[in-house]
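Below is one structure, written out as C-alpha cells; the observations come after it.
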Amino acid sequence: MVKELDATQTMRAGRYGRFGGQFVPETLMTALIELEAAYDDAIADPTFTDKVSYYLKDFVGRETPLYFAERLTKEAGGAKIYLKREDLNHTGAHKINNTVGQALLAMRMGKKKIVAETGAGQHGVATATVCALFNLECVIYMGKEDIRRQELNVFRMELLGAKVVSVDKGSGTLKDAVNEALRYWVANVEDTHYILGSALGPHPFPRIVRDFQRVIGVETRRQIVEKEGRLPDAIVACIGGGSNAIGMFHPFIEDEDVALYGVEAAGSGIETGLHAAAITDGKEGVLHGAYMYVLQDDDGFIQEAHSISAGLDYPAVGPEHCHLHDIGRVAYTSVTDAGALEGLQLLARVEGIIPALESAHAVHYAVELAGTMGEEEILVICLSGRGDKDVQTVRDALGGGLND
Amino acid sequence: MTKQDLTNAITDCVRLGDKAFVPYIMAGDGGLETIKGNIVFLQQAGVTAIELGIPFSDPVADGPVIEEAGERALAKGVTLRKVLKELTLFKDEVTVPLVIMTYLNPILSYGIDQFAKDCQDSGISGLIVPDLPHEENGLLRSSLEKSEIALIPLVSLTSPPERIKKITAAAEGFVYAVTVNGITGVRDGFGDDLAAHLEQLKAVSPVPVLAGFGISTPEQVQSIGALADGVIVGSAIVAAFHRNDLTAIEALVKISKKEIYS
C-alpha cells in the first residue's frame, strides 16, 4: 500500500490533491525555484503575454477553428460533434502552444540553450521550430524505437537546426527520452532551459504547460457559445501525459454540466498488460519528478508503456489529471490500438481529415459516446494533431492496404 | 547500528587524521549472494561505511557505469525487498555502518513504515534518496524519526547559501556534497569553486560532509578528500568489482588513511 501524503503537503503549491510535487535531484531544485519565480513574473507582465499572443496568432496561426463535423455526426447518430482543430496549428499539433510560451520564458530568463524530450516527435519538432525562430541552441532526446517509428520527424528537427540524440536505453520510448533529457538538464542547468512537452514533471512544469495549453479550451468556449449559444454537453480528449486534454478541460472545470472525458491508450488491450493506460491500470508512485498514477510492478520498478501512437506511449499521467480522476470531475477511459486505427480511418473518410494516431483515440471514443447522446446535445473532440506523421505506421498496421 | 554510529564512524576517522572513505556498491551486481562477500571485503580493506545502491528501472541521477550495473542486477531479479532480506542473514558479521541508496518509488511501493522497519531489522543506519529533495522529505521523515536510520541529504553546487543552511540544519548521519552538476561517474576535473563550496558547507553543517560524484582516482580521493571530511566513490568501485580488480579498490581505500594521505 502506498502511504498517502499528509495534509500539510497536499496544501503546498505544486500539488493537485495529493499528486504532483518536486521529486528531483537537489541539483535541479534551484532551477525549479527560479523557473517558478520567473514564470510568475512573466505572466504578470503584459509585454510578455502580448508577445506570446502575437506569436500564437501570426506564427502559429491561431485561433484554430472549431469545426462542425456534419458527416461524422451523422455517422455517430447522436450528439452534434465539433472538432477543435489543433491539427491546423503550425507544425501540426497543439505542442507548439507550449513551446512558444516556454521559449519566450527561457529567453526572458537569459537562457540561450534548450533541451527537450519527444515521443512522437511533435513536441521535438515544435521545440526545434521555436528554437530556429528565436535563435536558441536545441538538443532533443528521442527514444530509438520512436526514431524508427517517426523517422521523418527526426529529419524535420534536423532541418530546423536541432541536434537529435537517440536514446536506446529501456524501451527506447518517451520515458527513456525524459530520463536522458533530465540528465542533460542536471549537467547543464546553469545555461539551459528544459522545455518539458507535457503536463508532467516536477512543479512548476505541469502548471506552466497547462497554462500555455489553456488557449485550446478558452477559444473552444468562446467559439461554441458563438455557434450554439451555449456550452457543450461533453468534451473528449486523448491522454498521454495529458497536455492537450488539460489545456482543453481546464477552462471548463467549474462548469459541472460539461462532462469531460480523457481517453488513454489501451494498446493491445488493458487485459494484455501491453498498454499505456496509467489511470485505468496504474498505481500511485513517483516518476520524473511528480507523484502520479504510474504503470509499475510490485517492486516499484516502472513498466514500459505500449501504444501504436508514440505520443501516448508513456507510463504515467500528469498530476492534475490524477487529481481530476480522484475527485471524479473527469471520466478516464481507454481505446485500443485497433480502435484508434478505426477512428483514424473513419475521420479520414467522412471528413477529409487524417488525425494523428493520438487524437484518433479520442475520435473513436467520441463517436461511441455521441451515439449514446441525444441529437440536441453537443460534443467537442480535441483534435490535437494531424496524421501526416503516422501514415507509414498506419499503412504497416493495416498490412499495407485498407481493410474495407 | 544507529545513525549516531554512522556519524561517529566518520568523526572518529577524522579525529585520527584519516579521511572517511565510503564506497558505493550496486547491490546484487553479480547476484544477491555477492553482497556479503563484497561487504566483508570492503570492511577488511578499511572503509568507514558502505553505501548500498538498489537497482532501479529509471536511475536519472546515475551515469553509465552505475546504470549498467543496475541493469545487470535487475536482470538477476534483485529488488529492494530481496536486498534487505539478504542483509538480515549476515548482519552480525557487518562491522561498518550500512547506508541504502534508492530512488523513491521502490520505497513508496514497499510501504514507508514497513520499509523503515525492515531497514532497522537489516542493520541499516542511513538512507540516501536522490530524488527526494528537502521540500519533499516530510514524506519519509515521520516514519524514519521513530527509527535509528539517518535521512542523509544531498547538497549540490547549485544550492544557494540560504538553502544549504536549511538542508544541513535537518541533516542526519552526514551531508552528501555533490561535487559536480550532473550524474554519477568518472570525470577528469572539478570546478574551481568546489573548494569554497565545500568549505562553506563544512562551516554550517552540524554533521560531517562527504564529497561524492565523479571521484574515481587515488589523486581525486586525495585532493577532494582534503576539502571535506571524506569521500564517496561509486563508479570506480562498481567497475572494479565488475572486473574483479580488488587491488584497485584496496589502493583507493588506502589513500584515505593518514600515513598515505598526509
Side-chain angles (χ1 to χ4, degrees), chain A residues 1-6 8-9 12-15 18 20-34 169-171 175-176 178-190 192 202-203 283-292 294 296-304 315, chain B residues 54-64 67-68 71 74 77-82 102-115 129-143 153-160 163-164 167 176-178 180-184 213:
Chain A
M1 280 294 291
V2 170
K3 180 174 169 153
E4 291 204 357
L5 306 184
D6 68 38
T8 53
Q9 286 188 310
R12 284 199 26 231
R15 293 274 182 200
R18 62 182 184 282
Q22 294 179 303
F23 298 92
V24 293
E26 172 61 19
T27 307
L28 292 181
M29 280 306 297
T30 298
L32 293 175
I33 293 165
E34 284 169 5
K169 290 168 180 161
S171 52
K175 164 178 89 91
D176 312 289
V178 176
N179 286 346
E180 287 306 306
L182 278 171
R183 286 179 171 132
Y184 180 92
W185 196 34
V186 171
N188 297 279
V189 62
E190 296 186 31
T192 302
H203 174 68
K283 285 184 298 190
E284 290 171 38
V286 164
L287 178 66
H288 297 147
Y291 192 80
M292 309 178 277
V294 182
Q296 54 185 304
D297 67 15
D298 292 340
D299 290 300
F301 298 142
I302 311 304
Q303 288 176 321
E304 292 173 11
Chain B
I54 305 297
F56 184 53
S57 51
D58 296 80
V60 290
D62 287 309
E67 184 176 25
E68 282 160 25
E71 282 169 8
L74 287 175
V78 175
T79 64
L80 177 57
R81 202 175 295 276
K82 288 182 187 168
T102 177
Y103 290 86
L104 181 59
N105 203 54
I107 300 178
L108 296 178
S109 173
Y110 202 113
I112 297 170
D113 286 332
Q114 189 64 44
F115 168 74
V129 185
D131 54 353
L132 188 74
H134 182 74
E135 282 77 356
E136 304 287 0
N137 74 14
L139 188 58
L140 298 190
R141 193 166 276 282
S142 56
S143 298
L154 293 102
V155 168
S156 82
L157 293 172
T158 58
S159 315
R163 190 174 166 79
I164 289 178
I167 294 171
Y176 193 136
V178 178
V180 292
N181 287 344
I183 51 181
T184 61
F213 276 43

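Here is the naming used below: chain letters follow the sequence lines, and residue numbers restart at 1 for every chain.
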Heavy-atom proximity to chain A below 4.5 Å, by part of [X]:
| X | result |
| --- | --- |
| B:Pro153 | neither |
| B:Ile107 | neither |
| B:Val155 | backbone |
| B:Leu157 | neither |
| B:Gln114 | neither |

Should [X] and [Y] count as side-chain neighbours, where that means a heavy-atom distance under 4.5 Å?
| X | Y | value |
| --- | --- | --- |
| A:Tyr291 | B:Leu108 | yes |
| A:Thr30 | B:Pro160 | yes |
| A:Arg183 | B:Glu67 | yes |
| A:Phe23 | B:Asn105 | no |

What part of [X] is in contact with chain B, defined as an atom under 4.5 angstrom from a non-hydrogen atom: side chain, backbone, both or neither?
| X | value |
| --- | --- |
| A:Glu190 | side chain |
| A:Ile302 | both |
| A:Val286 | both |

### Query
What do the steps show when you test B:Arg81 against A:Asp299 for side chain to side chain contact (heavy atoms under 4.5 Å, CB included), and what is the final call?
CA-CA 8 Å; B:Arg81 202 175 295 276; A:Asp299 290 300; 4.2 Å; yes
### Query
Based on non-hydrogen pairs under 4.5 Å, which of B:Gly63, B:Ala61, B:Pro59 is most in contact with chain A?
B:Pro59
### Query
Which of the residues B:Thr79, B:Val180, B:Val129 is involved in the greatest number of heavy-atom pairs with chain A at under 4.5 angstrom?
B:Thr79
For a quick test of reading the model, state the closest non-hydrogen atom pair linking [X] to [Y] and the distance between them.
| X | Y | answer |
| --- | --- | --- |
| A:Gly300 | B:Ser109 | N-OG, 3.2 Å |
| B:Ser57 | A:Lys175 | O-NZ, 4.3 Å |
| A:Glu26 | B:Ser156 | CG-N, 3.6 Å |

### Residues B:Glu71, A:Lys169: salt bridge by 4.0 Å N-O rule
no
If you measure from [atom1] on [X] to [atom2] on [Y], what distance do you get to the nearest 0.5 Å?
| X | Y | atom1 | atom2 | value |
| --- | --- | --- | --- | --- |
| B:Glu136 | A:Met29 | CD | CE | 7.0 Å |
| A:Phe301 | B:Leu80 | CZ | CG | 8.0 Å |
| B:Asp131 | A:Leu28 | CG | CG | 11.0 Å |

### Query
Excluding sequence neighbours, so at least two apart, what forms side-chain contact (heavy atoms from CB on, under 4.5 Å) with A:Asn188?
A:Tyr184, A:Asp191, A:Thr192
### Message
If the condition is salt bridge (charged side-chain N to carboxylate O under 4.0 Å, His left out), which residues does B:Glu68 pass it with, not counting sequence neighbours?
### Response
none
### Flag, side chain of A:Thr27 to backbone of B:Asn181, donor-acceptor distance under 3.5 Å
no
